[in-house]
Colleague: 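One structure, pasted below without further comment.
Every value quoted in this text rests on a predicted model; they were computed, and no experiment measured them.
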Amino acid sequence: QKEVEQNSGPLSVPEGAIASLNCTYSDRGSQSFFWYRQYSGKSPELIMSIYSNGDKEDGRFTAQLNKASQYVSLLIRDSQPSDSATYLCANRGNTPLVFGKGTRLSVIA
Amino acid sequence: DTGVSQDPRHKITKRGQNVTFRCDPISEHNRLYWYRQTLGQGPEFLTYFQNEAQLEKSRLLSDRFSAERPKGSFSTLEIQRTEQGDSAMYLCASSLAGVNNEQFFGPGTRLTVL
């Protein structure tokens, strides 16, 4: 059974702080890793993809991948109230995406 | 808008009725995926197409569910004899083929079975 595990939260951070979201996965064959943001009642929106070990930065977002530890994380710098949403971690090996249940982030103004 | 579109956005039906949803992918994308999402869960894969060929179906996809993509463009997902457990958000996504493909989701169709 291929699984993606995330802490459901809620994770509460003050405005301007760094939010750190974590994810572990079971499929060692996974080749691609994605973070999606989902606002309540809306569909998932792709915010980051990462394919190799290390860090990948895009604006206020940094994704980190460690394939040996089967661990992927997302850092959000200078968190804003508009970042309050559920963040879904997903990976892909030889099959379509497998999602975690998501971590709910609340940024407090 | 050149993103993924889905129709209808909301559907309320009575148990036992048939429903059909439509998805139009991003025009240059040859892969199209259907997922189902219930409250508090991540999206669960149902099936996907590469062009008109249906390449994979999840064990979640019972005999009451059928999907088509007849000309390799838009796709339909039909649920026959709906049950209350079918109530969920049905999400469509599309991508280019390839290992590192990025999937982009449409707005979803929220189904409520009474």
Colleague: Any chance CD1 of A/Ile108 has more than 12 other-residue heavy atoms, nucleotides or ligands included, within less than 6.0 Å?
Modeller: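 Yes.
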Colleague: Can you see which heavy atom on B/Glu102 is nearest to which on A/Ser49, and at what distance?
Modeller: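 For B/Glu102 versus A/Ser49, the nearest heavy atoms are OE2-OG, 2.6 Å.
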Colleague: With chain B as the partner, which of A/Ser43, A/Ser8, A/Gly41 has the greatest number of non-hydrogen pairs under 4.5 Å?
Modeller: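 Of A/Ser43, A/Ser8, A/Gly41, A/Ser43 has the most heavy-atom pairs under 4.5 Å with chain B.
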Colleague: Please give me the minimum heavy-atom distance between A/Pro96 and B/Glu56, naming the atom from each residue.
Modeller: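 The pair with the smallest heavy-atom distance is CD-OE1, 3.5 Å.
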Colleague: Would you say that more than 12 heavy atoms from the other residues, nucleotides or ligands in this model lie under 6.0 Å from the CZ of A/Arg77, or not?
Modeller: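 Count over threshold, so yes.
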Colleague: Is it the backbone or the side chain of B/Glu44 that comes under 4.5 Å from a heavy atom of chain A, or both, or neither?
Modeller: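 Neither; nothing under 4.5 Å.
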Colleague: What distance do A/Gln38 atom CD and B/Leu91 atom CG have between them, rounded to the nearest 0.5 Å?
Modeller: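 Answer for the CD-CG pair, A/Gln38 versus B/Leu91, is 7.0 Å.
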Colleague: Using side-chain contact (heavy atoms from CB on, under 4.5 Å) as the criterion, point out the one residue from B/Tyr48, B/Tyr35, B/Tyr33 that pairs with A/Leu97.
Modeller: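 By the side-chain contact (heavy atoms from CB on, under 4.5 Å) criterion, A/Leu97 pairs with just one of B/Tyr48, B/Tyr35, B/Tyr33: B/Tyr35.
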Colleague: Would you say NZ of A/Lys67 has more than 12 non-hydrogen atoms from neighbouring residues, nucleotides or ligands within 6.0 angstrom?
Modeller: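 It does: A/Lys67 NZ has more than 12 such atoms within range.
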Colleague: Given that the side chain runs from C-beta out, which part of A/Glu45 has a heavy atom under 4.5 Å from chain B: side chain, backbone, both or neither?
Modeller: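 Nothing of A/Glu45, per the 4.5 Å heavy-atom cut-off to chain B.
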Colleague: For A/Tyr36 and B/Gln103, which heavy atoms make the closest approach, and how far apart are they?
Modeller: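 Heavy atoms only, the tightest pair is OH-O, 2.6 Å.
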Colleague: Can you establish whether the number of heavy atoms outside B/Leu96 located under 6.0 Å from its atom CG is more than 12?
Modeller: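 More than 12 heavy atoms, drawn from other residues, nucleotides or ligands, come within 6.0 Å of this atom.
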Colleague: Should the heavy atoms of other residues, nucleotides or ligands under 6.0 Å from CZ of A/Arg104 be counted, would the total exceed 12?
Modeller: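 It does not: A/Arg104 CZ has 12 such atoms or fewer within range.
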Colleague: Are any non-hydrogen side-chain atoms of A/Leu46 and B/Phe104 less than 4.5 angstrom apart?
Modeller: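 In short, these two side chains touch, coming nearer than 4.5 Å.
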Colleague: Are there over 12 heavy-atom neighbours, none belonging to A/Lys56, within less than 6.0 Å of that residue's NZ?
Modeller: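 Check passes, neighbour count above 12.
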Colleague: Take atom CD of A/Glu57 as the centre, draw a 6.0 Å sphere, and report whether it contains more than 12 heavy atoms from other residues, nucleotides or ligands.
Modeller: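 Yes, enclosed.
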